[in-house]
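Note that these values count all heavy atoms, side chains included, but never hydrogens, waters or copies made by symmetry. In listed order, ligands and their atoms are each counted from 1.
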Amino acid sequence: MTTIRLVQGDITRESVDAIVNAANSSLLGGGGVDGAIHRRGGPAILDECRKLRASQYGKGLPTGQAVATTAGELDARYVIHTVGPVWSSTEDRSELLASCYRESLRVADELGARTVAFPAISTGVYRWPMQDAARIAVEAVHNARTAVEEVRFVLFDDQAYDTFARQLGRQ
Ligand code: ADP
């Protein structure tokens, strides 16, 4: 059984085995949570991302997939980078968003991580509506077959926190 915890705040301050990054497919960093992780985690993360690009992901990490690097100076053992889908009002991309959570947990299992922190993937620059993103995130974790003991959703603001709390029936 995986326990779900909700936290409001900055994911780069969390102490867990693995922090999930809402990366972009280039793996070369960006804004939002990605920028924050690279800023606080230091250059070791980007170094490994560059190596991954050179060895496996020359065309970029595909949407819905996940890959791990060191966590650099963060209080974690790994950063798991996953690429969320950009929100579309004409195409249902929910399966890709669910895949981000599933694949990140699969990578976490491979690494033996027991505690994993997730941001609300795709809800920033990629514009996914928070309520729908929260539903998909919670369902994906509930349905995952994983040895991860604790999934911590780290929500940046009040509104995101309240939306996840409602989704979990905790409010
Ligand atoms: P995406 O490109 O997947 O939409 P963003 O980083 O733009 O990724 O946003 C994803 C979510 O992460 C948004 O809800 C945003 O408010 C939130 N966020 C931004 N910075 C942080 C942070 N330091 N810790 C946790 N969540 C963050």
Side-chain angles (χ1 to χ4, degrees), residues 4-43 45-46 49 53 57 60-69 71-105 107-108 113 115-141 150-168 171:
I4 295 181
R5 265 187 70 194
L6 295 185
V7 171
Q8 190 190 333
D10 177 350
I11 201 168
T12 67
R13 304 280 185 178
E14 292 298 313
S15 170
V16 279
D17 292 331
I19 292 177
V20 176
N21 180 19
N24 61 51
S25 80
S26 78
L27 290 175
L28 295 179
V33 73
D34 195 5
I37 284 173
H38 283 286
R39 260 193 314 278
R40 189 171 293 275
I45 301 175
L46 193 56
C49 284
R53 261 177 77 87
Y57 298 112
L61 178 64
T63 305
Q65 293 191 22
V67 67
T69 65
E73 289 158 35
L74 298 174
D75 191 10
R77 285 155 64 204
Y78 310 100
V79 170
I80 298 174
H81 307 262
T82 188
V83 182
V86 176
W87 162 257
S88 166
S89 56
T90 53
E91 191 189 340
D92 182 5
R93 298 179 179 163
S94 335
E95 182 44 39
L96 283 169
L97 185 53
S99 172
C100 289
Y101 289 93
R102 211 168 39 235
E103 286 298 302
S104 296
L105 290 172
V107 170
T115 50
V116 179
F118 282 96
I121 298 165
S122 288
T123 62
V125 174
Y126 287 178
R127 303 188 318 273
W128 206 291
M130 190 60 76
Q131 200 180 328
D132 200 48
R135 177 186 61 77
I136 292 165
V138 167
E139 282 177 10
V141 171
E150 180 188 320
V151 162
R152 200 176 298 172
F153 289 117
V154 183
L155 293 321
F156 208 40
D157 58 30
D158 280 358
Q159 220 193 331
Y161 180 92
D162 290 347
T163 306
F164 270 72
R166 273 196 300 277
Q167 182 62 41
L168 284 161
Q171 209 178 49

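Atoms CD and CD1, from Gln167 and Ile4 in turn, are 9.5 Å apart once rounded to the nearest 0.5 Å. Atom CD of residue Glu91 and atom CG of residue Leu96 lie 8.0 Å apart, to the nearest 0.5 angstrom. From Leu168, atom CG reaches atom CZ of Phe153 across 7.0 Å, with rounding to the nearest 0.5 Å. To the nearest 0.5 angstrom, Ser88 atom OG is 14.0 Å from Tyr126 atom OH. In this structure, the separation between OG1 on Thr123 and CD1 on Ile136 is 11.5 Å, given to the nearest 0.5 Å.
Heavy-atom proximity to Ala36, at under 4.0 Å, picks out these atoms of ligand 1: 23 (N). Close contacts between ligand 1 and Ala120 involve ligand atoms 10 (C), 11 (C) [criterion: under 4.0 Å to a heavy atom]. Close approach of ligand 1 to Ala22 (heavy-atom distance below 4.0 Å) involves ligand atoms 3 (O), 8 (O). Interface of Asp10 with ligand 1, defined as ligand atoms under 4.0 Å from a residue heavy atom, comprises 22 (C), 23 (N), 24 (N). Each of the atoms 24 (N), 25 (C) of ligand 1 lies under 4.0 Å from some heavy atom of Gly9.
With respect to the salt-bridge test (charged N to carboxylate O, under 4.0 angstrom), the residues Glu150 and Arg5 qualify. Between Arg93 and Glu95, none of the side-chain N atoms (NZ, or NE/NH1/NH2) sits under 4.0 Å from a carboxylate O, so this pair counts as no salt bridge.
Residue, atom and distance of the protein heavy atom nearest to atom 17 (C) of ligand 1 are Phe156 CB, 4.0 Å. The protein heavy atom nearest to atom 24 (N) of ligand 1 is Ile11 N, 2.9 Å. Nearest protein heavy-atom neighbour of atom 7 (O) of ligand 1: Val125 N, 2.9 Å.
At a 3.5 angstrom cut-off on N or O pairs, Gly31 does not count as close to ligand 1. Considering backbone and side-chain N/O of Gly124, one or more are found under 3.5 Å from N/O of ligand 1. Of the N or O atoms in Val33, one or more lie within a sub-3.5 Å distance of an N or O in ligand 1. Considering backbone and side-chain N/O atoms, Thr123 comes within less than 3.5 Å of an N/O atom of ligand 1. Taking distance alone, with nitrogen or oxygen atoms compared against 3.5 Å, Tyr126 approaches ligand 1 more closely than that limit.
When only modelled atom types and interatomic distance are considered, Gln8 and Asp157 share no side-chain donor-acceptor pair under 3.5 Å.
Counting protein heavy atoms under 4.0 angstrom from atom 11 (C) of ligand 1 gives one or more.
With a 4.5 Å cut-off on side-chain heavy atoms, Arg53 and Leu28 count as touching. With contacts defined as side-chain heavy-atom distances shorter than 4.5 Å, the pair Glu73/Arg40 does not qualify.
Here the shortest heavy-atom distance to atom 1 (P) of ligand 1, taken over Ser122, Gly35, Ala133, belongs to Ser122.
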